[in-house]
A.B. asks: 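Structure provided below as structure tokens; questions to follow.
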There are 2 protein chains.
Amino acid sequence: MNSKDAVTRLAALAHDQRLAIFRLLVREGPNGLPAGDIAGAVGATPTGASFHLKELDRAGLIHATRVGRYIRYAVHFEGMRQLLSFLTEDCCQGNPELCGSTIKKARKLCKGETK
Amino acid sequence: MNSKDAVTRLAALAHDQRLAIFRLLVREGPNGLPAGDIAGAVGATPTGASFHLKELDRAGLIHATRVGRYIRYAVHFEGMRQLLSFLTEDCCQGNPELCGSTIKKARKLCKGETK
DNA sequence: TGCATAATTCAATAATCCTTGTAATATTTG
DNA sequence: CAAATATTACAAGGATTATTGAATTATGCA
């Protein structure tokens, strides 16, 4: 993971509809959803959704799989992990207690605790 | 944490120099660094650094403290945690094993493991 | 007070990204 | 093969963001 790729991924997420798409797919898990359902869920036009999905794909945050006449999109979890790691790398020079274990707290959310 | 704030934070990080500044301050911990040192470390002009620091501040990712004639910037760890949580919220509908516990893996980095 | 240092503000140009509609491609079904 | 559905590709505009240099504010020190 280098800085350039991280910026690409962050820029991909730094958009209201794309962030909504990403979070929807994070919730959805490995099976993902077809493009049309995604467009409907976030209130995007088909053209708009396609554009945004392509951005997220290009960035390495999601991936597409054709299933019949549908194209399903799902989160690329390894790409997501790489980004989170890059942001928190070497936090507090290895003394996470200094920041109140920011990451440890954030992690809980992956277990469905909503705050 | 709402979507609008998250987009603001992600957009703040989606820039080469700002990401470098943020990661530098993550490593540095709660004491932070003065603006001049930050500019030098990431190869920014004073004007450029000031602009980017203000963006990160406005987004709620860092905060400024005047110390004599220096202004020290440090990561706002709670703001960072909110963002990470927002990105991973309700991951895999509460079954993180489905994505290989993306967050659990990412978390290790906060302990200084450089992988 | 006067000078040096630290950092910011302002203004103008350049670059990038978002949005929308229309046309095109791929696939299933009759 | 023809029609219908799902999705993508292309092009043009309008809006937002980055960059630069010069001028400005704030602080410390002789």
Side-chain angles (χ1 to χ4, degrees), chain A residues 3-25 28 31-76, chain B residues 3-25 28 31-76:
Chain A
S3 175
K4 190 162 155 290
D5 291 345
V7 167
T8 301
R9 284 176 196 186
L10 290 163
L13 292 172
H15 180 281
D16 195 55
Q17 285 185 336
R18 285 199 297 264
L19 181 56
I21 290 171
F22 180 79
R23 298 213 317 143
L24 173 65
L25 294 179
E28 207 58 33
N31 286 336
L33 289 172
D37 288 6
I38 296 170
V42 306
T45 61
T47 300
S50 178
F51 173 76
H52 294 313
L53 287 166
K54 195 183 61 184
E55 289 290 300
L56 288 166
D57 191 343
R58 228 172 29 89
L61 286 166
I62 66 176
H63 58 90
T65 314
R66 172 144 238 153
V67 179
R69 81 178 104 174
Y70 298 86
I71 296 181
R72 296 189 75 93
Y73 285 90
V75 168
H76 183 240
Chain B
S3 175
K4 191 161 154 291
D5 291 345
V7 167
T8 302
R9 285 177 193 185
L10 290 163
L13 291 172
H15 180 283
D16 195 54
Q17 286 185 334
R18 285 199 295 265
L19 181 57
I21 289 171
F22 180 78
R23 299 214 314 144
L24 173 64
L25 294 179
E28 207 58 33
N31 287 337
L33 289 172
D37 289 6
I38 295 169
V42 307
T45 61
T47 300
S50 180
F51 172 76
H52 294 311
L53 286 165
K54 197 183 60 183
E55 288 291 301
L56 288 166
D57 191 343
R58 227 172 29 88
L61 287 167
I62 66 176
H63 58 91
T65 315
R66 171 144 239 155
V67 179
R69 81 177 105 175
Y70 297 85
I71 295 179
R72 296 189 75 94
Y73 285 91
V75 168
H76 183 241

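Hydrogens, waters and symmetry mates play no part in the numbers below; they use all other heavy atoms, side chains included.
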A.B. asks: Expressed in angstrom and rounded to an integer, what is the separation of B:Leu53 atom CG from C:dA6 atom P?
C.D. replies: 15 Å
A.B. asks: Between P on D:dT17 and CG on B:Leu19, what's the gap in Å once rounded to a whole number?
C.D. replies: 18 Å
A.B. asks: Could you check if a side-chain atom of A:Leu25 sits within less than 4.5 angstrom of a side-chain atom of A:Leu61, using non-hydrogen atoms only?
C.D. replies: no
A.B. asks: Just by protein heavy atoms under 4.0 Å, how would nucleotides 14-25 of chain C read 5' to 3' in B, S and -?
C.D. replies: ----SBBBB---
A.B. asks: With rounding to the nearest 0.5 Å, note down the distance linking CZ in A:Phe51 to CD in A:Gln17.
C.D. replies: 11.0 Å
A.B. asks: Between B:Ile71 and B:Arg66, is a side chain to side chain contact (heavy atoms under 4.5 Å, CB included) present by the stated rule, with each step listed?
C.D. replies: CA-CA 4 Å; B:Ile71 295 179; B:Arg66 171 144 239 155; 4.1 Å; yes
A.B. asks: Can you name the ring-ring contact (aromatic ring centres under 6.0 Å, His included) partners of B:His15, sequence neighbours left out?
C.D. replies: B:His52
A.B. asks: From CZ of B:Arg58 over to C1' of D:dT17, roughly how many Å is that when rounded to an integer?
C.D. replies: 11 Å
A.B. asks: Could you tell me whether the side chain of A:Arg9 and the main chain of A:Ala59 form a donor-acceptor pair under 3.5 Å?
C.D. replies: yes
A.B. asks: In B/S/- notation, 5' to 3', how is nucleotides 2-7 of chain D contacted by protein heavy atoms closer than 4.0 Å?
C.D. replies: ---BSS
A.B. asks: What is the distance, rounded to the nearest whole Å, between atom CG of A:Leu10 and atom P of D:dT17?
C.D. replies: 16 Å
A.B. asks: Can you see which heavy atom on B:Phe22 is nearest to which on B:Val75, and at what distance?
C.D. replies: O-CG2, 4.1 Å
A.B. asks: Tell me if a side-chain donor or acceptor on B:His76 pairs with a main-chain N or O of B:Gly60 at a distance below 3.5 Å.
C.D. replies: yes
A.B. asks: In Å and rounded to the nearest 0.5 Å, what is the CD1 to CG distance from B:Ile62 to B:Leu53?
C.D. replies: 4.5 Å
